[in-house]
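As structure tokens, the structure follows; a few thoughts come after it.
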Amino acid sequence: MRKIVLFLFFFIALSSNELAAQETSKKVMIVYGSDECHHCSDTKAYLKKNNIDFIFFDIDKNAAALNEMLAKLRKAGISTSNLGIPVIDKQGEIFTNNGVFEEFLKKLN
């Protein structure tokens, strides 16, 4: 009986790891912004309307997400001194809303 329980435990653990790997390998757009930002709200609405999968991080409430965003911006060579949000991580392509908002939205597709 103990062998069966151990087998089931390892089978479930293995299945969970495979599922987690599938979830993390799926390319999902990351949106860094603020719930107080109207461009951020409009960006989320645009993504939902166009059935584009994304994860939203509120950088006002999540210090780890803020630090992650800043590190990605620096790595991409984007200045953080006059930053416009939202900041997008589209499968490794990092860009911000600095300019015409409609042009920014077109980059999301």
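Scope of the values below: all heavy atoms of this structure, side chains included, with no hydrogens, waters or symmetry mates. As the structure is a computational prediction, the values presented were derived from the model and not from experiment.
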Does V87 reach the side chain of K72, with side-chain heavy atoms less than 4.5 Å apart?
no
Look at the side chain of K107 and the backbone N and O of N97, then say whether any donor-acceptor pair between them is shorter than 3.5 Å.
no
For the NZ atom of K90 and the CG atom of N109, what is their distance to the nearest 0.5 Å?
6.5 Å
Would you tell me whether N62 and Y32 have side-chain atoms, one donor and one acceptor, within less than 3.5 Å of each other?
no
Salt-bridged, K106 to E102, with N to O below 4.0 Å?
no
Would you call T96 and L73 a side-chain contact if the rule is heavy atoms closer than 4.5 Å?
yes
Distance check, rounded to the nearest 0.5 Å: I78 atom CD1 versus L70 atom CG?
11.5 Å
Trace of the side-chain contact (heavy atoms from CB on, under 4.5 Å) decision for D35 with D60
CA-CA 8 Å; D35 285 333; D60 291 335; over 6 Å; no
Might you point out which heavy atoms bring C40 and G33 nearest each other, and give the distance in Å?
SG-CA, 3.6 Å
More than 12 heavy atoms of other residues, nucleotides or ligands under 6.0 Å from CD of E36: yes or no?
no
So if I apply the side-chain contact (heavy atoms from CB on, under 4.5 Å) rule between D89 and each of V31, I30, I55, which one comes out positive?
I30
Quick one: does F95's side chain get under 4.5 Å of L108's, heavy atoms only?
yes
Same apolar cluster (I L V M F W Y, side chains within < 4.5 Å links), I88/F54:
yes
Residue pair F56 / T43, side-chain heavy-atom distance below 4.5 Å:
no
Do I85 and M29 share a hydrophobic cluster (ILVMFWY, side-chain heavy atoms under 4.5 Å, transitive)?
no
Would you compute the distance between atom CE of M69 and atom CZ of R74 and round it to the nearest 0.5 angstrom?
9.0 Å
Using 0.5 Å steps for rounding, measure from the CG atom of N98 to the OG atom of S79.
9.0 Å
Does atom CG (N82) have a neighbourhood of more than 12 heavy atoms from anything else shown, all under 6.0 Å?
no
Can you find a pair of side-chain heavy atoms, one from L105 and one from F101, that are under 4.5 Å apart?
yes
Roughly how far, to the nearest 0.5 Å, is the CG atom of D53 from the CG atom of N50?
12.0 Å
